[in-house]
Every structure is written in C-alpha cells, then in structure tokens.
Asks: 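I have a structure here, written as structure tokens, and I will follow up with some questions on it.
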Amino acid sequence: MTTSAEDRTLVLLRHAEPEPGGVGQHDRDRSLTDRGREEAQHIGRWLREQGIGCDAVKCSPAQRTRETMAELAAAGCPEAEVEIEHRLYDARAEDVLAVAREAPEDASVVLLIGHAPGLPGATSMLADGEGSEQAHDLLAEGFPPAAAAVLRFSGHWSDLAFGAATLDRFHVPEYTA
C-alpha cells in the first residue's frame with residue numbers, strides 16, 4: 001500500500017480461535033484449532049485483497065498469536081519481519097497504544113497481533129466513534145477471534161493518541177460471526 005509519510009494505517013488483529021486450555025497447560029502455550037487456522041488464512045487473504053501490506057508486524061509471544069501470523073503469511077499476506085512484543089500479551093488498551101506509538105517512522109502500515117480485551121479496548125478508544133458507521137456497528141457486536149480492525153490516522157506514530165484515529169474497516173471471517 002502506497003501512502004504519504006504522514007498517512008498511517010494500524011491493523012489490530014485478534015488471534016484466531018485457540019484450543020481450550022488443558023489441565024496444567026500455560027495459557028501462552030495454547031495452539032490454534034483447525035477452524036482457527038482457516039480463520040487466520042481467511043484474514044490473510046482478506047488483507048491481501050484489500051491491498052493492506054504490512055511494513056512492520058508486532059506479535060504477542062503466545063503460541064496462538066504466532067500461529068495466526070504464520071497462517072496469515074501462508075495465505076499470502078505481505079509479511080514484514082515479525083517482532084515478538086511481550087507487552088501485547090495480557091495487554092490493556094494503554095499497552096497496545098504504547099506499542100503502536102513505537103512503530104518505525106518509515107512504516108506506513110503496522111500490524112499488531114494480540115488478544116482481548118486490550119485490542120478491542122484500544123480500537124474503541126483510538127477511533128472514539130470516528131470513521132465508518134458500518135465498521136463501528138460490527139465492532140459493537142464484539143471482537144471475536146480473527147477479527148481485524150483497520151484504523152487510519154495522519155501524523156507520526158509517536159503522536160498516536162486515543163481519539164486520533166478513524167475506524168476504516170472491521171472484518172470478521174464469516175464463519176466466526
């Protein structure tokens with residue numbers, strides 16, 4: 001995606017459907033289900049079809065988020081080098097904002113792969129009702145696994161703040177809706 005240096009796109013993607021946790025299994029070690037793999041590949045194809053290539057990718061260290069990223073890449077979503085970002089695991093909205101604000105200045109499109117409730121909270125607070133009415137209506141129905149919020153704003157990543165973005169698109173694979 002070609003944008004000017006000041007036009008930014010932030011994609012917040014919740015990991016796809018994980019296996020339920022087993023007895024004694026750490027939450028970070030949960031893998032994707034077969035359905036979760038399909039969801040992640042769907043989102044990868046959707047991002048590619050939307051022309052949303054990623055200049056930078058930051059991913060929670062959890063197994064399910066790393067597997068989601070691998071499935072996105074397998075589906076042809078342009079993959080930048082993936083950076084594991086520990087603050088995205090068990091993140092609050094403020095943590096998601098802090099990670100986004102540290103994106104490389106030469107990146108026009110940044111993808112963050114994480115978890116609820118941090119990503120849904122950050123999406124709502126970043127857009128604060130601004131943007132596509134349809135996208136906000138879908139967001140109001142929930143932020144299920146493999147949902148992707150596409151936010152846009154102008155400025156430097158370090159200037160990103162709650163209320164400074166618009167929610168351009170919100171996509172949920174049909175079979176998770």
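Atoms considered below: every heavy atom in the structure, side chains included; atoms not considered: hydrogens, waters and symmetry mates. Residue numbers count from 1 along this sequence.
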Asks: If the plane angle is over 60° it's perpendicular, under 30° parallel, otherwise tilted; pick one for F143 and F170.
Replies: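 It falls in the perpendicular class, over 60°.
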Asks: Quick one: salt bridge (Lys or Arg N to Asp or Glu O under 4.0 Å) pairs with a partner in residues 11-25, sequence neighbours left out?
Replies: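 Listed by first then second residue: E17-R35.
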Asks: What pairs with E94 under salt bridge (charged side-chain N to carboxylate O under 4.0 Å, His left out), at least two apart in sequence or on another chain?
Replies: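 Only R92 meet the salt bridge (charged side-chain N to carboxylate O under 4.0 Å, His left out) criterion with E94.
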Asks: Could you report the tightest heavy-atom contact between A107 and R8, atom names first, then the distance?
Replies: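 What the structure gives for the nearest pair is O-NH1, 2.8 Å.
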Asks: Should the pair R64-D27 be classified as a salt bridge under the 4.0 Å nitrogen-to-oxygen rule?
Replies: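 Judged by the 4.0 Å cut-off on N to carboxylate O distance, R64 and D27 do form a salt bridge.
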Asks: Checking T68 side chain against A16 main chain: does a donor-acceptor pair fall under 3.5 Å?
Replies: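 It does hold such a pair.
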Asks: Any side-chain heavy atom of L139 sitting closer than 4.5 Å to one from T123?
Replies: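 When only atoms from C-beta onward are counted, T123 and L139 do touch, with a gap below 4.5 Å.
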Asks: Do P145 and E39 make a side-chain contact, defined as non-hydrogen atoms from C-beta onward lying under 4.5 Å apart?
Replies: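 Touching, per the 4.5 Å side-chain cut-off.
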Asks: Please report the closest heavy-atom contact between Q63 and S31, naming both atoms and the distance.
Replies: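 Shortest heavy-atom separation between Q63 and S31 comes out as CG-OG, 3.7 Å.
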Asks: Is there a donor-acceptor pair under 3.5 Å between the side chain of Q25 and the backbone N or O of D29?
Replies: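 Side chain of Q25 to backbone of D29, a donor-acceptor pair under 3.5 Å: yes, one is there.
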Asks: Distance-only, no hydrogens or angles: does the T65 side chain make a donor-acceptor pair with backbone N or O of S60 under 3.5 Å?
Replies: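 Checked: pair present.
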Asks: If you count every heavy atom of other residues, nucleotides or ligands that lies below 6.0 Å from E49 atom CD, does the total exceed 12?
Replies: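 Correct, the count exceeds 12.
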Asks: Got a salt bridge between E102 and R87, using NZ or NE/NH1/NH2 to carboxylate O under 4.0 Å?
Replies: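 A salt bridge is present here (some side-chain N lies under 4.0 Å from a carboxylate O).
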Asks: Counting C-beta onward and ignoring hydrogens, is there a side-chain heavy-atom pair between V110 and T9 closer than 4.5 Å?
Replies: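 V110 vs T9: side chains apart.
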Asks: Of the non-hydrogen atoms in G121 and A93, which two are nearest, and what is the gap between them?
Replies: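 The answer is C-CB, 3.7 Å.
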Asks: Would you compute the distance between atom CG of L167 and atom OG of S124 and round it to the nearest 0.5 angstrom?
Replies: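 So the gap between those two atoms works out to 8.5 Å.
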Asks: Is it true that a side-chain atom of D168 and a backbone atom of V150 form a donor plus acceptor pair closer than 3.5 Å?
Replies: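 Judged by distance alone, no pair lies under 3.5 Å.
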Asks: Would you call the rings of Y89 and H115 parallel, tilted or perpendicular if under 30° counts as parallel and over 60° as perpendicular?
Replies: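 Ring orientation, 0 to 90° scale: perpendicular.
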Asks: Using the rule given for side chain to side chain contact (heavy atoms under 4.5 Å, CB included), can you reason through K58 versus M69, listing the C-alpha separation, both sets of side-chain angles and the distance that settles it, and then say yes or no?
Replies: CA-CA 10 Å; K58 295 188 179 194; M69 184 61 236; over 6 Å; no
Asks: Can you measure from CD1 (I43) to CZ (R48) and round to the nearest 0.5 angstrom?
Replies: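 Output value for this atom pair is 12.5 Å.
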Asks: State whether the side chain of R28 and the backbone N or O of A62 hold a donor-acceptor pair below 3.5 Å, judged by distance alone.
Replies: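 Not at all, since once roles are kept as given, no pair shorter than 3.5 Å links the two residues.
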Asks: Tell me if a side-chain donor or acceptor on E67 pairs with a main-chain N or O of L32 at a distance below 3.5 Å.
Replies: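 A pair under 3.5 Å: yes.
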Asks: Same cluster for L13 and I84 if Ile/Leu/Val/Met/Phe/Trp/Tyr side chains link at under 4.5 Å?
Replies: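 Result: no, two separate clusters.
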Asks: What are the two closest heavy atoms between D95 and D90, and how far apart are they?
Replies: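 Taking every non-hydrogen atom into account, OD2-O, 4.5 Å.
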Asks: Write down the atom of P61, the atom of H86, and the distance for their closest heavy-atom approach.
Replies: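 Taking P61 first and H86 second, the nearest heavy atoms are CG-ND1, 3.5 Å.
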Asks: Is the backbone N or O of I113 less than 3.5 Å from a side-chain atom of H15, with the two atoms forming a donor-acceptor pair by type?
Replies: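 Such a contact is absent between H15 side chain and I113 backbone.
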Asks: Nearest 0.5 angstrom please: E71 CD to C77 SG, how far?
Replies: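 Between atom CD of E71 and atom SG of C77 there are 12.5 Å.
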Asks: Of L72, V82, L10, I52, which meets side chain to side chain contact (heavy atoms under 4.5 Å, CB included) against L111?
Replies: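 Testing L111 for a side chain to side chain contact (heavy atoms under 4.5 Å, CB included) against L72, V82, L10, I52 leaves exactly one candidate, L72.
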Asks: With a cut-off of 6.0 Å (strictly less than), are more than 12 heavy atoms of other residues, nucleotides or ligands near CG of D34?
Replies: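 No, CG of D34 has 12 or fewer neighbouring heavy atoms, counting only those of other groups under 6.0 Å.
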Asks: Assess the side chains of Q50 and R169: does a donor N or O sit below 3.5 Å from an acceptor N or O?
Replies: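 A pair is found: one side chain offers a donor N or O, the other an acceptor, under 3.5 Å apart.
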Asks: Supply the atom-to-atom distance S154 OG to D7 CG, rounded to the nearest 0.5 angstrom.
Replies: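 Answer rounded to 0.5 Å: 4.5 Å.
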Asks: Can you find a pair of side-chain heavy atoms, one from V96 and one from L88, that are under 4.5 Å apart?
Replies: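 They are in contact (side-chain heavy atoms under 4.5 Å apart), so the answer is yes.
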Asks: Do any N or O atoms from the side chain of E105 and from the backbone of W157 form a donor-acceptor pair under 3.5 angstrom?
Replies: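 Checking the backbone N and O of W157 against the side chain of E105, a donor-acceptor pair under 3.5 Å is found.
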Asks: Looking only at side chains, do R152 and T166 share a donor and an acceptor under 3.5 Å apart?
Replies: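 There is no such pair between these side chains.
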Asks: Which atom names give the shortest non-hydrogen contact between A161 and L126, and what distance separates them?
Replies: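 Reported closest heavy-atom pair: O-CD2, 3.6 Å.
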